[in-house]
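Throughout, numbering of the chain's residues begins at 1 and tracks the sequence. Atoms within each ligand, like the ligands themselves, are counted from 1 in listed order. Please read all numbers here as calculations on a predicted model, not as lab measurements.
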Amino acid sequence: MSGKPRLHYFNGRGRMEPIRWLLAAAGVEVCFWSFVQRSYGSLLFQQVPMVEIDGMKLVQTRAIANYISTKHNLYGKDMKERALIDMYVEGMFDLNELLMTYGYLPADKKQEHFANMMDKAENRYFPVFEKVLKGHGKDFLVGNQLSRADVQLLEIILMAEECKPDILAKFPLLQSFKARISNIPTIKKFLQPGSQRKPLIREEEVPKVMKIFY
Ligand SMILES: N[C@@H](CCC(=O)N[C@@H](CS[C@H](CC=O)c1ccccc1)C(=O)NCC(=O)O)C(=O)O
């Protein structure tokens with residue numbers, strides 16, 4: 001297999017962050033290529049994220065995440081576990097879309113969007129995963145091994161806590177899940193300063209990012 005995967009994106013979270021999380025959880029070192037103009041020749045749909053991996057130039061966030069999850073055994077042990085993982089992850093991606101886009105909204109749209117995303121996190125998504133953990137009774141959301149569902153749930157828990165630090169107040173099982181998964185060595189390393197993990201975008205950076213894409 002070829003060397004380190006090469007990540008092509010702007011120097012911020014956006015749609016590449018779930019991919020960074022998966023590669024970090026798998027213990028895969030990456031190299032980052034800052035995408036600063038749209039005139040990239042090698043973008044299938046003229047969009048990023050694009051990841052060069054195993055001789056391919058993959059685009060489309062879900063396709064990239066599916067490949068990485070399959071390659072690094074983060075996708076359960078059989079079809080039924082994979083179906084559960086897909087179901088949970090698609091729900092997480094819906095919440096992630098709300099959390100991810102918040103920082104890029106114009107000021108007059110932020111308040112309503114914030115109220116909606118916090119409501120969805122506290123009353124739709126987190127109650128589901130609290131119930132899954134309760135019913136499953138294991139350390140992980142699916143089966144008895146780490147999967148992409150656990151990795152992406154930790155990612156969105158931390159993003160939601162950036163908006164509302166006490167958002168897990170009513171979810172004791174999610175609180176212990178967060179502590180447990182954060183302690184997995186590869187993830188613990190990713191959570192340390194100096195990793196590839198990107199910070200929440202600052203207000204003053206938004207115009208520069210939007211100019212890259214529009
Ligand atoms: N289906 C695809 C979609 C990929 C996609 O929308 N890529 C975008 C940059 S990411 C986005 C920029 C603003 O929307 C952003 C940047 C920051 C935060 C959130 C999103 C892009 O390349 N836009 C150029 C163009 O579409 O011409 C996938 O899942 O990968």
>> Under 3.5 Å between any N/O of Arg62 and any N/O of ligand 1: does that happen in this structure?
In response: no
> So is Phe10 in contact with ligand 1, going by heavy-atom distances below 4.0 Å?
Replying inline: yes
>> Are Val142 and Tyr125 linked, directly or through intermediate hydrophobic residues, by side-chain heavy-atom contacts shorter than 4.5 Å (ILVMFWY only)?
In response: yes
>> Salt bridge check, Lys71 against Asp54: does any charged N sit closer than 4.0 Å to a carboxylate O?
In response: yes
> For ligand 1, which atoms sit closer than 4.0 Å to a heavy atom of Gly14?
Replying inline: 17 (C), 18 (C)
>> Side chain, backbone, both or neither: which applies to Phe45 and ligand 1 if a contact is any heavy-atom pair less than 4.0 Å apart?
In response: neither
>> Can you name the atoms of ligand 1, numbered from 1 with element, that are less than 4.0 Å from a heavy atom of Pro49?
In response: 30 (O)
> Any salt bridge between Lys4 and Glu52, counting N to O under 4.0 Å?
Replying inline: no
>> A side-chain contact here means heavy atoms from C-beta on lying under 4.5 Å apart; do Met159 and Glu17 qualify?
In response: no
> Are the charged groups of Arg62 and Glu90 less than 4.0 angstrom apart, N to O?
Replying inline: yes
> Which bit of Gln46 gets closer than 4.0 Å to ligand 1, counting heavy atoms only: side chain, backbone, both or neither?
Replying inline: backbone
> Could an N or O of ligand 1 be found under 3.5 Å from any N or O of Val209, whether backbone or side chain?
Replying inline: no
> What do you reckon, is NZ of Lys188 surrounded by more than 12 foreign heavy atoms closer than 6.0 Å?
Replying inline: no
> Could a heavy atom of Thr101 be found less than 4.0 Å from some atom of ligand 1?
Replying inline: no
> Charged N to carboxylate O below 4.0 Å: is that the case for Asp108 and Lys110?
Replying inline: no
>> Under 4.0 Å, heavy-atom basis, I'd like to know which part of Tyr9 is in contact with ligand 1: side chain, backbone, both or neither.
In response: side chain
> Is any N or O atom of Tyr104, backbone or side chain, closer than 3.5 Å to an N or O atom of ligand 1?
Replying inline: no
> Counting only heavy atoms not in Arg180, do more than 12 fall under 6.0 Å of its CZ?
Replying inline: yes
> Should the proximity of Arg15 to ligand 1, defined as any heavy atom under 4.0 Å, be assigned to the side chain, the backbone, both, or neither?
Replying inline: side chain
